[in-house]
Amino acid sequence: MATQLKNLSDFSNTTIPSGAPYRFGIVVAEWNAKITGALYGGAYQSLIDNGVLADNIFTYAVPGSFELTSGADILLKNKNLDGVICLGCVIQGETRHFDFICAAVANGATNVALKYEKPVIFGVLTTDNEQQAIDRAGGKHGNKGVEAAVTAIKMADMAAQLKTD
Ligand SMILES: Nc1c(NC[C@H](O)[C@H](O)[C@H](O)CO)[nH]c(=O)[nH]c1=O
Ligand SMILES: CC(=O)[C@@H](O)COP(=O)(O)O
């Protein structure tokens with residue numbers, strides 16, 4: 001199964017541009033803090049490992065994943081950034097609340113990205129249970145925070161290249 005082979009942090013088959021020129025916001029949901037903290041650690045370290053300066057990383061916490069996209073909007077409105085990484089973990093409960101949150105964040109991130117013409121990265125785990133989240137926040141399937149950071153750098157670099165076109 002594809003899932004068994006998945007590693008969200010394996011970029012050995014791709015080239016990652018230098019992040020040195022870029023400034024990124026990171027918005028982190030406080031819900032499921034153990035998981036989102038691991039996602040944040042992966043994302044932050046991946047940005048640093050790929051050349052982003054610590055002074056160019058701006059981190060803010062929001063209560064839950066539903067607030068990630070308004071957090072991204074506030075950041076892009078008030079700071080000169082090359083992109084925003086949204087990190088969250090939504091775990092299915094007893095009701096359909098899960099569905100509404102996941103759809104709101106996915107659609108919201110897209111809308112904010114288009115509004116500011118800046119990448120807004122969907123670094124949100126949407127899982128059936130906590131174990132699936134653990135597996136994707138530094139566990140056997142890697143770290144979605146790493147994936148989100150690499151995606152942010154790649155998108156910022158694409159935009160920078162086209163600006164000089
Ligand atoms: N159940 C989860 C939530 N719920 C909270 C919402 O994100 C939101 O903060 C609330 O509805 C108020 O607007 N958030 C998560 O990030 N993960 C969950 O599993
Ligand atoms: C995704 C959620 O909001 C969820 O954790 C809340 O649980 P429930 O659906 O049982 O109210």
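Here the structure is a predicted model, which is why all the values come from computation and not from measurement. Atoms within each ligand, like the ligands themselves, are counted from 1 in listed order.
In Asp55, the CG atom is not crowded: 12 or fewer heavy atoms of neighbouring residues, nucleotides or ligands sit closer than 6.0 Å.
Pairs passing the side chain to side chain donor-acceptor pair (under 3.5 Å) check and including a residue from residues 92-109, sequence neighbours excluded, do not occur.
With hydrogens and angles disregarded, a donor-acceptor distance shorter than 3.5 Å links the side chain of Asn32 to the backbone of Cys89. Judged by distance alone, the side chain of Arg23 and the main-chain N or O of Ile57 form no donor-acceptor pair under 3.5 Å. At least one donor-acceptor pair closer than 3.5 Å links the side chain of Thr36 to the backbone N or O of Ala29. A donor-acceptor pair under 3.5 Å is formed between the side chain of Glu67 and the backbone N or O of Gly64.
Of the N and O atoms on the side chains of Glu147 and Asn143, not one donor lies less than 3.5 Å from an acceptor on the other residue.
In this structure, Asp82 does not pair ionically with Lys118, as no charged nitrogen and carboxylate oxygen lie closer than 4.0 Å.
Around atom 10 (O) of ligand 2, the closest heavy atom drawn from His97, Glu94, Arg96 belongs to Glu94. The residue from Thr95, Ile91, Thr126 that puts a heavy atom closest to atom 1 (C) of ligand 2 is Ile91.
Closest to atom 7 (O) of ligand 2 among all protein heavy atoms lies Gly93 CA, 3.8 Å.
Atom numbering of ligand 2 starts at 1 in the shown order; those under 4.0 Å from a heavy atom of Phe98 are 1 (C). Interface of Val90 with ligand 2, defined as ligand atoms under 4.0 Å from a residue heavy atom, comprises 1 (C).
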Are there any N/O pairs under 3.5 Å between ligand 1 and the protein, and if so, what are their distances?
residue	atom	partner	partner atom	Å
ligand 1	7 (O)	Ser65	N	3.2
ligand 1	7 (O)	Phe66	N	3.1
ligand 1	9 (O)	Glu67	OE1	2.7
ligand 1	13 (O)	Glu67	OE2	2.6
ligand 1	16 (O)	Ser65	N	2.9
ligand 1	16 (O)	Ser65	OG	2.7
ligand 1	17 (N)	Cys89	O	2.8
ligand 1	19 (O)	Asn32	ND2	3.3
ligand 1	19 (O)	Ile91	N	3.1

